Amino acid sequence: MFNKKLLKKLSALLTVTAAALSFGACNSDDDITNETNLPYSCQLLNFALSADSSVCQSLDTVFFSIDQLSGEIFNADSLPMGSNITRLVPRITVATASVLEIYEPREGKADSVHNYIENPGDSIDFSRGPVRLRIVSADGQSSASYSVRVLVHKSNPDTLTWSRLERAGLPSQFTVVTDQGTAHTADTFWCMTYYDGRYCMARATDPDGVWSYATPQLGFTPVLSSLNATESALFMLDTAGNLMTSTDGVTWTATGQNWTNIYGAHRNKLLGCTRAAGAYNLVTYPASSEEALPDGFPVSGASQTITYTFDFAGSPQTIITGGRCADGSLCNVTWGYDGNSWASISRRALPYALDGATVVPYFTADVNQNTLKVTRKSVLIAMFGKRSDGALNDTVYVSPDFGMNWEKAGKLLQQAALIPGRSGAKGFIYKQTLHVPQKASRSQRWTSLVPTNTSSPAGNIVSRPAQYLTKPVSEWECPYIYLFGGYNAQGALINTLYRGVIQRFTFIPIE
């Protein structure tokens, strides 16, 4: 018969309320069942750390996932970079136990064993690798072992990091590429490349997936940098300014329009400009009313179009930033199109006027320090391009309000400086679905340019049985920036495809 006095002591030390047990739950537990045969009498119900502001703020709120199948315990959101994890006090909850021991590894020596029942305030060094927990049920008939890891970020998780695809370069059948153009319809990415009199059209629904290739039937000499798309069709200019269109990237036909430049699209309406008798006009295809080019509006070199739906606007708004004006000067203003006309929307324009800047709609992360939940805040990021003195821009700028106000981005977003400077590159956002078991395998095809975070272990995460069970998120959407091509200071094509992401978005989210 087991010791009743010991059970009473355990109850005082280890029993927690239902509210405390529900801390850190990532999803509703209505549909959760016990997926392990481990006896409940020796299962670990909850693992946490005691507060210690010298390590990090809100250390006692850091959520630890418990995988009852593998016996692994880890914090899904790693501690801040540089956190000292050599003297942490764990808080452990079990159902009942006659033995609860912590085995702390020591280099070149036997593990240091801590009796948690007698000394629950002992500090543990988690810096030497996994710490083992051993639990024996109150009746002594069952036992369980768990491995605990306290993960710490190796880099700041809010850093925008970049990696380069390990294949030769842009998606193409050609090893050497001397010109290219990229566009995106509603559900397909398109990349047309050129080498030695030949053209290749590549297409994919996922830029990190499988690309298919075809030889386009042109019958004209295209300006590949003009390649653009509406939601349902591709467009580009030939060297004479004729506007050509295609729905499959292979067969191209003339629209009967002659344009000077294609800016991009407003949903299924193509936006561009024409020049006649020395005067520029803003036009659309299918054709609607023309608009005289406003003062300061670019005639070339603007960023690709970005279409937003604003809460305070009755219709979608399309914007462009920067570019070269008719008099040859550069523009630092953001212009907006509401479906009928263009207008300058900048209150505080870019600090420098840029030709061929890459502007993408992205996010920054706002972390609630109490719950550790991450809220994504929409921003525009402007990078690369060429300045008025001909030098390539190496500074990243950010706008929190759709281009109305621009400022230099913080140092964590300045990682684009690690990529060779360029102008005329196109950037697209694609949200990859990440899965806990597959997270590592997706990244093996990319070469990282900066250290990344400590990876969380993969597996079927089941933290508690029955009413005590918590199920973390098993998959989530991660927004990646895909950067295609661009041209160096001498005008030569840069044959690369880069992928950028704020590291925090790749971590298992806590919801």
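Since we're looking at a predicted model, the values are computed, not measured. The chain is numbered in sequence order, starting from 1. All values below were derived from every heavy atom in this structure, side-chain atoms included, with hydrogens, water molecules and symmetry-related copies excluded.
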Asker: Val501 versus Thr161: any side-chain heavy-atom pair under 4.5 Å?
Answerer: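 Val501 reaches Thr161 side chain to side chain.
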Asker: Determine, stepwise, if the pair Gln432 / Asp206 fulfils side-chain contact (heavy atoms from CB on, under 4.5 Å).
Answerer: CA-CA 8 Å; Gln432 297 281 0; Asp206 176 353; 2.8 Å; yes
Asker: Give the intermediate values and the outcome of side-chain contact (heavy atoms from CB on, under 4.5 Å) for residues Thr245 and Thr253.
Answerer: CA-CA 5 Å; Thr245 186; Thr253 59; 3.6 Å; yes
Asker: Determine, step by step, whether Arg87 and Asp125 satisfy the salt bridge (charged side-chain N to carboxylate O under 4.0 Å, His left out) criterion, reporting the C-alpha distance in whole Å, the side-chain angles of both residues, the deciding distance to 0.1 Å, and the verdict.
Answerer: CA-CA 5 Å; Arg87 293 183 59 83; Asp125 185 353; over 6 Å; no
Asker: Mind checking whether Asn495 and Val176 have side chains closer than 4.5 Å, heavy atoms only?
Answerer: no
Asker: Within a radius of less than 6.0 Å around CG of Asp295, do more than 12 heavy atoms belonging to other residues, nucleotides or ligands occur?
Answerer: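 Counting other residues, nucleotides and ligands, CG of Asp295 stays at 12 neighbours or fewer.
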Asker: Does the pair Ser246 and Asp248 meet the rule for a side chain to side chain donor-acceptor pair (under 3.5 Å), with working shown?
Answerer: CA-CA 6 Å; Ser246 174; Asp248 61 6; 3.1 Å; yes
Asker: Go through the steps for Arg422 and Leu483 under the test side-chain contact (heavy atoms from CB on, under 4.5 Å), then give the verdict.
Answerer: CA-CA 11 Å; Arg422 65 197 61 207; Leu483 183 70; 4.2 Å; yes
Asker: Counting only heavy atoms not in Arg267 (residues, nucleotides, ligands), do more than 12 fall under 6.0 Å from its CZ?
Answerer: no
Asker: Before giving the answer on side chain to side chain donor-acceptor pair (under 3.5 Å), spell out for Thr321 and Trp335 the whole-Å C-alpha distance, their side-chain angles and the decisive distance to 0.1 Å.
Answerer: CA-CA 6 Å; Thr321 301; Trp335 293 82; over 6 Å; no
Asker: Is the ring centre of Tyr337 less than 6.0 Å from the ring centre of Trp342?
Answerer: yes
Asker: Between Phe189 and Phe428, does the ring centroid distance fall short of 6.0 Å?
Answerer: yes
Asker: Examine Arg149 relative to Phe126 and say whether NZ or CZ is less than 6.0 Å from the centre of the six-membered ring and inside a 45° cone about the ring axis.
Answerer: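 Arg149 over Phe126 ring: no.
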Asker: Roughly how far, to the nearest 0.5 Å, is CD1 of Ile306 from NE2 of His266?
Answerer: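 It comes to 14.0 Å.
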Asker: Are Val62 and Phe64 packed together at the side-chain level, in the sense that at least one heavy-atom pair is separated by less than 4.5 angstrom?
Answerer: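 Val62 vs Phe64: side chains touch.
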Asker: Please check if atom CZ in Arg347 has more than 12 non-hydrogen atoms from other residues, nucleotides or ligands closer than 6.0 Å.
Answerer: no
Asker: What's the verdict on salt bridge (charged side-chain N to carboxylate O under 4.0 Å, His left out) for Lys386 and Asp355, showing C-alpha distance, side-chain angles and the deciding distance?
Answerer: CA-CA 5 Å; Lys386 187 177 292 187; Asp355 180 22; over 6 Å; no
Asker: Backbone N or O of Ala233 within a donor-acceptor pair of the Thr230 side chain at under 3.5 Å?
Answerer: yes
Asker: Take Thr318 and Thr307 through the test side chain to side chain donor-acceptor pair (under 3.5 Å) and record every step on the way to the result.
Answerer: CA-CA 4 Å; Thr318 296; Thr307 300; 2.8 Å; yes
Asker: Is there a side-chain contact between Leu270 and Leu243 (heavy atoms, below 4.5 Å)?
Answerer: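 The answer is yes, as the side chains (C-beta and beyond) meet within the 4.5 Å cut-off.
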Asker: Is any side-chain heavy atom of Asn261 closer than 4.5 Å to one of Val299?
Answerer: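 No - every pair of side-chain heavy atoms lies 4.5 Å or more apart.
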Asker: Does any non-hydrogen side-chain atom of Trp259 lie less than 4.5 Å from one of Cys273?
Answerer: no
Asker: Output, in order, the C-alpha distance, side-chain angles, deciding distance and verdict of side chain to side chain donor-acceptor pair (under 3.5 Å) for Gln217 and Thr215.
Answerer: CA-CA 7 Å; Gln217 308 301 312; Thr215 301; 5.7 Å; no
Asker: Which value, rounded to the nearest 0.5 Å, describes the distance between Lys408 atom NZ and Gln414 atom CD?
Answerer: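 Separation between the atoms: 5.5 Å.
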Asker: Does NZ or CZ of Arg387 fall inside the cone over Tyr352's six-membered ring, less than 6.0 Å from its centre and within 45° of the axis?
Answerer: yes
Asker: Verify, without hydrogens or angle tests, whether Asp187 (side chain) and Thr205 (backbone) share a donor-acceptor contact under 3.5 angstrom.
Answerer: no
Asker: Tell me the closest heavy-atom pair linking Val396 and Leu413, and the distance in Å.
Answerer: CG2-O, 3.4 Å
Asker: Passes side-chain contact (heavy atoms from CB on, under 4.5 Å), Asn75 versus Leu49? Steps please.
Answerer: CA-CA 10 Å; Asn75 49 317; Leu49 298 174; over 6 Å; no
Asker: Does the side chain of Asn332 reach to within under 4.5 Å of the side chain of Leu354, using non-hydrogen atoms?
Answerer: no
Asker: Checking Glu291 side chain against Asn281 main chain: does a donor-acceptor pair fall under 3.5 Å?
Answerer: no
Asker: What about Tyr430 and Tyr480, are their ring centers closer than 6.0 Å?
Answerer: no
Asker: Using only atom types and a distance under 3.5 Å, with no angle test, would you say the side chain of Asn258 pairs donor to acceptor with the backbone of Ala240?
Answerer: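 Checking the backbone N and O of Ala240 against the side chain of Asn258, a donor-acceptor pair under 3.5 Å is found.
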Asker: For Phe235 together with Tyr285, are the ring centres under 6.0 Å from each other?
Answerer: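 Ring centres of Phe235 and Tyr285 closer than 6.0 Å.
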